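Residue numbering restarts at 1 for every chain, and letters A, B, ... go by the order of the sequence lines. Remember, it's a predicted structure, so these values are computed and weren't measured experimentally.
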Protein chains: 2
Amino acid sequence: MTTQEFWNKVKSPEYKVTQPRLAFADVLVQNQDVMLSAESLYEKTKTIFPKTNLSTIYRNLESLERLNMIYKVTTDDGLNLYKLKCASNEHHHHIICTKCGKVLDIHFCPFDTFSELAGKAGFTITEHRLELYGLCEDCRK
Amino acid sequence: MTTQEFWNKVKSPEYKVTQPRLAFADVLVQNQDVMLSAESLYEKTKTIFPKTNLSTIYRNLESLERLNMIYKVTTDDGLNLYKLKCASNEHHHHIICTKCGKVLDIHFCPFDTFSELAGKAGFTITEHRLELYGLCEDCRK
DNA sequence: ATGAGTGCAAAACCTTTGCACTACC
DNA sequence: GGTAGTGCAAAGGTTTTGCACTCAT
């Protein structure tokens, strides 16, 4: 997704174009394939628009989450990581590099098998979270 | 797992038997198939040993995590839930009732498929987290 | 007796919120 | 001009930590 495409998607009377948002959008677009913490998104945004405030980052993450534009995970040690949602509308999962945060899309989902197994035990699955962690080629070296 | 079995497993010069721990162990054993927050584990422990302190709960969760006795998940809204690890040594996953926390073991893992797909893209999976959420039979009613 | 475990209170951590001010449309 | 967005500082919730005291072995 380009910055242009990003703005085409979100711009509306309810989502105005402001200076912090312009900077933040750049950061998100530039890091589409990496999961970053609010803090590092903040740092990166500040290099573009130095006056940006951390709470603005959180507020914009929330706004974009409402627009279904943000993918978020919580790591084992309780840190939240964010990225722009993948362009692909197809349901898929991710493998996240534990060192650099790089993300690989995995277009395979075993949901049906799980659904069947759960159903036999009276459970109805409403949500599933599948996150794979590992090392990408670069970080393994 | 019975309380007896629990203590057989953990008792050592490094994990002494104390009153708060006796109470906490009871709570964990009684709720083996439910995921609970630190706060509710605390409340439940207090009914057995009222002097128990919240920090003791956290410290004991940490000790037991080091002993590989605790299974922990983070919910979408950032709450940490805990339970005693399943007795089964076999690798498996869970479906968690979003209403009552009840847990169902799912003895099926699509790891091999993921591993293969990831390998093709140069990723090495070191960890995977698969959590299914839904409603158990009782809570659906 | 000795060190692990504990209670209490304070701090730390990340995230959210209130308020007055700014700047988009 | 009106409202959404912002910066700042303060508060929020959960988890961790320092310290002195207690208790298990």
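- dA4(D) atom C1' lies 12 Å from atom CZ of R66(A), rounded to whole Å.
- You'll find that the side chain of K16(A) is closest to dC24(C), out of dC24(C), dG3(C), dG7(C).
- Under a 3.5 Å cut-off, the side chain of K83(B) and the backbone N or O of Q32(B) do form a donor-acceptor pair.
- Side-chain atoms of T75(A) come within 3.5 Å of backbone N or O of L79(A) as a donor-acceptor pair.
- Note: CD1 (I57(B)) to C1' (dC8(C)) measures 15 Å, nearest angstrom.
- Not one side-chain nitrogen or oxygen of N53(B) sits closer than 4.0 Å to the OP1 or OP2 atom of dT6(C).
- Whole-Å rounding puts the L61(B) CG to dT14(D) P distance at 15 Å.
- A straight line from CG of L22(A) to P of dC25(C) spans 9 Å, rounded to a whole angstrom.
- OP1 and OP2 of dA4(D) both lie 4.0 Å or more from every side-chain N or O belonging to T18(A).
- Closest to the F49(A) side chain, of the nucleotides dG7(D), dG7(C), dC25(C), is dG7(D).
- Each of T52(B), T56(B), L64(B), V29(B) was evaluated against F24(B); a single residue qualifies, L64(B), per the side-chain contact (heavy atoms from CB on, under 4.5 Å) test.
- Closest contact between the side chain of Q19(B) and the listed nucleotides dG7(C), dA24(D), dG7(D) involves dA24(D).
- For L79(A) and dC13(C), the CG to C1' distance is 11 Å, given to the nearest whole Å.
- The shortest distance between side-chain heavy atoms of M35(A) and E131(A) does not fall below 4.5 Å.
- Two residues, L54(B) and K51(B), neighbour DNA chain D, and the one matched to the more 5' nucleotide by heavy-atom proximity is L54(B).
- Put simply, OH on Y15(A) is 16 Å from C1' on dC25(C), counting in whole angstrom units.
- Side-chain N/O atoms of S55(A) include none lying less than 4.0 angstrom from OP1 or OP2 on dT16(C).
- Rounded to a whole Å, the CZ atom of R59(B) is 15 Å from the C1' atom of dG3(C).
- By the 6.0 Å and 45° rule, R129(B) does not stack over the aromatic ring of Y133(A).
- As rounded to whole Å, 13 Å separates atom C1' of dG5(D) from atom CG of L64(A).
- Backbone-only engagement by E14(B) is indicated by non-hydrogen atom pairs under 4.0 Å involving sugar-phosphate atoms exclusively.
- Heavy-atom distances to DNA chain D give each of N80(B) and R21(A) a nearest nucleotide, and the one nearer the 5′ end belongs to R21(A).
- Across all strands shown, T52(A) has heavy atoms under 4.0 Å from sugar-phosphate atoms exclusively, and none from any base.
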